[in-house]
Amino acid sequence: MRPLISVARRPTPDSRLVAAAEIVRGHLGPRLLSISYQAGDILCLEVDRSDLLATATFLRDAPELRFDFLSCVSGVDMVSHMLVVYHLHSLSNRLTAQLKVKADAREPVVDSVSAIWPTANWHEREAFDMLGIQFNGHPNLERLLLVEGFVGYPLRRNYQLPRRRWPHGRMVEEGGPVDERS
Amino acid sequence: MSEAEILPGQTEDGSLPSVFTEEFSLNLGPQHPSTHGVLRLLVRLSGEIVVDCKPYLGYLHRGVEKILENRTYMQGIRYVDQFDYVSGMLNEHSYVGAVERLMQLEVPRRAEYLRVVVDELSRICSHLVAIGTALLDLGAWTPITYCFRDREEILDLFEELCGSRLNFNYHRVGGVLFDLPEGWVAKCLSFLARFERSLDELEEFVNGNELFIARLVGVGVITPEMGIAYGISGPSIRGSGVNFDIRTYRPYSVYTELGFEPQLATAGDCFARYLVRMAEMRESVRMVRRALEGLPEGPVRARMPHYLLPPKGETYFSIESSKGELGVYLISDGTANPYRVKVRPPSFVNLQILPELVKGQKVADIVAILGSIDVVMGEVDR
Amino acid sequence: MLGVFQGLKITIKHFFSPKVTRMYPYEKRVLPERSRGLIQLITEPETGVLKCEACLLCEKVCPPRAITIRYEERNAFRWRPLARPKSKAAYYRPREVAAYPYEGPRPLSPMVLAPVSEADGDDAWLDGLLEEQGDLVGALRAIQERYGHLPRRVLMKLARNLGVSVSELFSSASLSPDLRLDPISDGFVAGATNGDSSALVLPGPQALQAVERQPNPSQGGGASGAE
Amino acid sequence: MTEFVQQVLSDPTVQRVLWLIVTLLWSLLFLLTSVLILIWGERKVLGFVQDRYGPHHTGKWGLLQSPVDALKMMTKEDVVPLLADRVVFWLAPIAFFAPVLAAFVVLPFSDVLVGADLNIGLIYPLALGSIGVVAIIAAGWCSNSKYSLLGAFRSAAQMISYEIPMVLSLVPVLLLSNSLSLQSIIRQQEGIWFILVLPFAFLTFFICGLAETNRAPFDFPETESELVAGFMTEYSGMRWAMFYLGEYGNMIVVSALAATLFLGGWQGPLLPGIVWFIGKVYVFLFIFLWVRATLPRVRVDQLMDFAWKWLIPATLLNIAVVATLALVFPSGYLIPIGIANWLLSGGFVWSLTRYMQGRVEKSKRLAAAWAPMGTAEVPGKIVVAAGEGVLARRS
């Protein structure tokens with residue numbers, strides 16, 4: 001369908017971001033699956049699951065990069081695979097980066113970065129809570145927002161909201177997770 | 001002495017220590033007057049000192065991220081409004097900004113100026129609630145009523161502008177909903193003048209007061225390294241001297257034109273965070289005044305199709321909400337509904353440091369520290 | 001202690017300053033013109049005709065799906081000529097206004113009811129119904145068999161025949177469990193959206209539909225693996 | 001018949017018994033009416049300070065608020081916890097309220113109207129005050145709940161550690177009036193009220209009075225944040241009202257003492273003595289309410305620090321100064337003592353302010369060591385130096 005809105009031409013990334021990209025490409029080389037710029041001011045990287053920890057420590061400790069502020073860890077269910085996205089800020093160099101890691105769709109397992117950035121603790125617990133992503137090495141991976149006995153992972157694409165039907169005027173809920181506590 | 005007979009606290013040779021103390025756990029919340037909303041803290045005490053503190057969340061979890069996936073972009077604004085219910089406008093700006101960034105959309109300048117005006121007024125509302133409730137938890141009954149009296153005037157201004165006092169629904173993709181009604185600017189400017197006088201009075205009331213200094217100074221100190229490691233943002237980290245304010249770190253909207261200056265304090269304790277919030281309110285007043293004076297003419301909203309279909313793709317857009325960096329990671333698959341909306345709520349991240357800060361402090365300090373971190377549970381539980 | 005005395009100075013100043021309380025029940029605030037408080041059905045000021053034309057947009061756009069509009073065809077008097085021949089002008093069936101017992105001018109409330117349209121369906125059989133069945137519940141059961149539920153229109157005509165208020169019919173109908181006042185509906189089905197995105201490896205619509213039917217690994221069948 | 005009655009009445013012991021009954025009735029009347037006024041007054045003062053009206057719908061200016069509260073108190077169910085020690089549970093409120101009523105006997109309402117002008121008039125109410133502590137611990141212990149026990153021990157510790165500076169702060173008054181009976185103290189203040197001569201004693205006495213009655217900055221037993229309602233948690237209905245009555249009664253006793261010792265009791269130019277006395281008591285009650293509306297609560301350990309490290313040394317110093325000056329100037333010792341006392345109170349206030357400022361400076365010095373972090377497009381503006389306190393200049 002023709003986009004109704006005139007999409008401005010893709011803005012050129014600013015020089016410091018390009019320099020940072022060179023450093024990352026130089027260090028990671030083949031392990032870097034893809035590199036791109038998002039709207040000119042976010043450096044998007046994708047790395048394989050196995051060398052996530054190595055990349056993370058490099059991004060935090062490299063003197064030119066120093067991505068010491070982990071802003072957000074988000075889990076996304078892409079049905080064919082599960083995606084874990086880390087957004088990082090570098091307070092000293094004023095840079096923003098996005099690190100993507102793919103994981104298996106049904107049993108996603110990813111290494112936990114809470115050792116590198118302590119703030120990841122609750123982010124990862126919430127990702128586990130909502131999408132069932134296992135984080136190896138996480139101090140206490142348990143449900144954070146949902147009730148202990150909750151069954152099922154709501155933000156997964158195949159999570160079926162309970163269907164409501166009104167046979168003979170009384171509401172009946174079918175499908176949806178079976179709450180083992182009741 | 002067999003294993004079973006050794007009492008807790010008893011030494012090996014069986015003699016009881018002179019003072020026989022035992023830790024006991026205390027439940028603060030979830031229905032508790034001084035936790036801001038439904039937050040439950042399981043605190044283990046040994047006498048006055050807090051040994052361990054475990055927050056329990058989720059009492060206000062509404063599953064908004066799942067709901068947003070089943071709503072069109074336009075309908076989603078209403079839900080984003082309810083994250084931080086004391087500063088509604090700022091939440092909307094983040095969601096709407098994310099969609100505009102995805103569509104690389106040029107927002108008319110008048111709309112940007114109106115957004116700054118409305119956001120800064122909303123920030124003042126949030127800070128007034130934060131300071132009022134923090135001081136109320138310490139036992140001071142009067143400041144909160146002065147804060148809420150001023151907040152009422154802002155809510156009246158919002159009601160004239162967009163019709164409601166809590167769920168504003170004022171931002172739209174591509175601009176804002178209404179233009180200013182006539183006479184609004186004059187009312188707003190007179191309010192700002194009155195507000196600065198009452199800010200001076202509040203500062204006079206609290207800054208010098210020895211009891212406030214005794215309860216707030218040196219309590220809950222966040223060092224810059226610890227703050228950055230725990231991802232603290234907003235006034236809580238600026239209280240420790242870290243210059244991290246999204247309005248200057250990743251400038252959005254017209255803040256650079258209006259000459260915004262981030263406010264920092266150095267001590268990093270509860271009192272420094274209170275001072276940063278007071279200074280930020282003064283800065284917001286300056287921002288609103290400059291924006292209203294320099295309000296350009298022009299449309300209030302870009303020409304948008306009724307049925308909004310943003311292009312496929314993903315974007316991460318964050319603004320400086322009153323509690324810190326409010327980020328929205330948006331993935332759109334070209335249909336009318338967003339494929340995934342992950343919100344980075346500042347209160348959720350700032351709350352993570354509470355157990356760290358509270359260990360070793362006194363019981364009465366838990367409420368002081370929680371008040372200074374300024375947590376809203378609607379944003380924590382989403 | 002100087003700060004404490006300063007604080008006391010401020011509070012005593014406020015003790016004598018004018019108060020801001022607004023005595024709510026006695027002094028009410030004039031709401032600004034744009035205030036979106038109560039959702040109301042508004043009528044044309046001069047003619048009192050309802051402005052709502054049952055375009056059902058509000059029902060479609062309401063995010064929490066809180067609004068449901070039931071509308072009936074209405075071909076009574078209209079000021080504006082019909083843009084389309086068959087207009088969907090509507091009136092909103094209020095609860096008990098039909099049973100308005102008092103003669104004389106009716107209060108013109110926004111929930112005004114236009115007269116019950118007579119010419120719809122062959123209701124002649126209603127007239128002799130009561131004599132056949134002998135009692136009211138039998139009559140109601142007969143209506144139930146015919147329509148599958150007790151349509152309001154029929155109940156009001158029956159009330160008019162019996163010269164009794166509709167609320168009595170409602171109460172007697174709601175007493176017996178098998179009589180149904182609402183039509184049988186198949187309920188609300190929530191489904192996930194579909195769509196794909198080239199930049200991301202997004203699932204195609206078919207893939208999503210296929211996925212919907214498989215149960216969540218930890219859902220339905222037995223204890224979940226991940227626990 | 002009549003001369004028999006006169007003969008009985010003339011008997012001194014009968015007269016004294018009748019007089020005691022009159023004082024009992026009079027002090028009950030005064031206590032209950034002023035408690036009623038206080039219940040309404042507290043909410044009104046709190047309201048007016050906060051730019052609002054306070055209770056308004058019960059009666060003309062909310063005047064029926066206290067009778068309504070009293071009625072509510074009576075009709076509320078009187079819950080006794082299951083495992084509570086029933087006898088002590090029943091006895092504790094009485095033990096808390098009785099000393100307050102007993103203290104009224106010695107208060108000089110006017111030169112004639114005083115229960116019994118004891119020659120140990122000053123020590124008697126202070127001694128009764130400490131019986132209240134026993135009642136609090138009893139209440140905390142017998143309601144068999146974790147919160148009330150904790151609250152009770154905290155209140156007990158507070159009251160004990162503030163009783164000492166309270167008594168010490170009254171010694172200079174004795175030095176000047178060299179008599180313990182309240183009537184004579186008032187008569188001593190014929191020319192000049194003691195508040196002008198001994199402001200420092202008044203300041204410390206009033207602070208300790210606040211702490212004695214668990215009011216204003218020292219009311220943490222009732223903090224809602226940690227202990228639900230201190231030792232009164234398990235009480236409800238009339239029993240809770242007794243504690244409430246006791247607390248207000250304590251307030252009245254302390255204000256009455258302050259009025260007699262420092263503002264010259266029933267002395268005053270035009271109006272009769274009793275009006276002056278009641279007026280002065282209500283001035284102090286207003287100050288109690290005013291301070292409660294303004295100041296935040298103090299932490300437990302800070303409270304103890306303040307008592308032991310600040311008040312007790314200060315009062316001892318005051319005694320020493322007043323005593324030496326009284327010896328050095330045997331005849332006209334009022335003026336030097338007055339000057340010394342004003343200097344002392346000024347010094348105390350100033351040093352407390354400086355001490356607090358010092359803590360603010362210390363926290364800033366600690367922070368100076370941190371390296372500046374985070375660069376944004378615009379360098380951050382350091383907010384006014386963190387809290388220079390009341391001396392702060394607004395930049």
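Remember, predicted model here, so these are calculated numbers, not experimental data. In what follows, every chain begins at residue 1, and chains take the letters A, B, ... in the order their sequences are listed.
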Peer 1: Let's go through A:Thr96 and B:Tyr316 carefully: what are the C-alpha distance in whole Å and the side-chain angles of both, what is the deciding distance for side chain to side chain donor-acceptor pair (under 3.5 Å) to 0.1 Å, and is it a yes or a no?
Peer 2: CA-CA 10 Å; A:Thr96 309; B:Tyr316 181 73; over 6 Å; no
Peer 1: Checking heavy atoms, do the side chain of B:Glu325, its backbone, both or neither come under 4.5 Å from chain A?
Peer 2: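 Interface part for B:Glu325: side chain.
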Peer 1: I need the A:Phe69 CZ to B:Tyr249 OH distance, nearest 0.5 Å.
Peer 2: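 Taking CZ in A:Phe69 and OH in B:Tyr249, the distance rounds to 8.5 Å.
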Peer 1: Do you know which two heavy atoms are closest between B:Leu57 and A:Trp122, and how far apart they sit?
Peer 2: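 Result for this residue pair: CD1-CZ3, 3.8 Å.
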Peer 1: Would you call A:Val85 and B:Glu314 a side-chain contact if the rule is heavy atoms closer than 4.5 Å?
Peer 2: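 SC-SC contact between A:Val85 and B:Glu314 ruled out.
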Peer 1: Calculate, to the nearest 0.5 Å, the distance between atoms OG1 and CD belonging to A:Thr119 and B:Gln352 respectively.
Peer 2: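 Going from the OG1 atom of A:Thr119 to the CD atom of B:Gln352 covers 4.5 Å.
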Peer 1: Taking only residues two or more places apart in sequence, or in another chain, which ones meet A:Ala105 in a side-chain contact (heavy atoms from CB on, under 4.5 Å)?
Peer 2: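 side-chain contact (heavy atoms from CB on, under 4.5 Å) list for A:Ala105, sorted by chain: empty.
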Peer 1: State the CD-CG distance between B:Glu65 and A:Leu155, to the nearest 0.5 angstrom.
Peer 2: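 Interatomic distance, B:Glu65 CD to A:Leu155 CG, rounded to 0.5 Å: 6.0 Å.
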Peer 1: May I ask you to test the B:Glu69-A:Arg157 pair for a side-chain heavy-atom distance under 4.5 Å?
Peer 2: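 The answer is yes; the side chains approach within 4.5 Å.
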Peer 1: Looking at side-chain heavy atoms only, is the closest gap between A:Met78 and B:Ile331 below 4.5 Å?
Peer 2: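 Of all side-chain heavy-atom pairs linking B:Ile331 with A:Met78, at least one is under 4.5 Å.
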Peer 1: Does A:Arg66 have more than 12 heavy atoms from other residues, nucleotides or ligands lying within 6.0 Å of its CZ?
Peer 2: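 12 or below, so no.
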Peer 1: Nearest heavy-atom pair of A:Ser74 and B:Tyr329: which atoms, and what distance?
Peer 2: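 A:Ser74 and B:Tyr329 have their closest heavy atoms at OG-CD2, 3.6 Å.
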Peer 1: Do B:Lys342 and A:Glu126 have side chains that approach each other closer than 4.5 Å (heavy atoms only, starting at C-beta)?
Peer 2: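 Heavy-atom side-chain distance check passes, below 4.5 Å.
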Peer 1: Got A:Met130 and B:Arg382 here, is their nearest side-chain heavy-atom distance under 4.5 Å?
Peer 2: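 Result no, sub-4.5 Å side-chain heavy-atom pair not found.
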Peer 1: With a 4.5 angstrom heavy-atom cut-off, which part of A:Asp41 approaches chain B: side chain, backbone, both or neither?
Peer 2: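 Contact with chain B is through both the backbone and side chain of A:Asp41.
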Peer 1: Shortest non-hydrogen contact from B:Tyr339 to A:Val76?
Peer 2: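 B:Tyr339 and A:Val76 have their closest heavy atoms at CE2-CG1, 4.2 Å.
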Peer 1: Below 4.5 Å, heavy atoms only, C-beta onward: do B:Arg340 and A:Leu83 meet side chain to side chain?
Peer 2: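 Answer no - side chains too far apart.
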Peer 1: Picking from A:Ile116, A:Asn121, A:Leu70, which has the most non-hydrogen pairs under 4.5 angstrom with chain B?
Peer 2: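 Answer, by heavy-atom pair count under 4.5 Å with chain B: A:Asn121.
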Peer 1: Do B:Phe348 and A:Leu144 have side chains that approach each other closer than 4.5 Å (heavy atoms only, starting at C-beta)?
Peer 2: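 Sidechains of A:Leu144 and B:Phe348: in contact.
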Peer 1: Chain A heavy atoms under 4.5 Å from B:Ile232: which part of the residue, side chain, backbone, both or neither?
Peer 2: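 Answer is backbone: N, CA, C or O of B:Ile232 sit under 4.5 Å from chain A.
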Peer 1: Mind listing the closest non-hydrogen atom pair of B:Ala229 and A:Pro118 along with its distance?
Peer 2: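 Shortest heavy-atom contact: O-CD, 3.4 Å.
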Peer 1: Does CD belonging to B:Glu106 count more than 12 external heavy atoms closer than 6.0 Å?
Peer 2: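 Not buried by this count: 12 neighbours or fewer within 6.0 Å.
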Peer 1: For a quick test of reading the model, state the closest non-hydrogen atom pair linking A:Leu146 to B:His61 and the distance between them.
Peer 2: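 Nearest pair, atom of A:Leu146 first, then B:His61: CD2-CD2, 3.5 Å.
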Peer 1: Please flag which part of A:Leu88 lies under 4.5 Å from any non-hydrogen atom of chain B: side chain, backbone, both or neither.
Peer 2: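 The answer is neither part of A:Leu88.
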Peer 1: Can any side-chain N or O of B:Arg344 pair as donor or acceptor with the backbone N or O of A:Ser71 at less than 3.5 Å?
Peer 2: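 At least one qualifying donor-acceptor pair exists.
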Peer 1: Identify which part of B:Val380 has an atom lying under 4.5 Å from any heavy atom of chain A, answering side chain, backbone, both or neither.
Peer 2: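 Just the backbone, heavy atoms under 4.5 Å.
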Peer 1: Using a 4.5 angstrom heavy-atom cutoff, name the option from A:His123, A:Gln98, A:His89 with the most pairs to chain B.
Peer 2: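 Top count of heavy-atom pairs under 4.5 Å with chain B: A:His89.
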Peer 1: Is there side-chain contact between B:Arg250 and A:Arg94, with heavy atoms separated by less than 4.5 Å?
Peer 2: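 With C-beta onward as the side chain, the pair stays apart.
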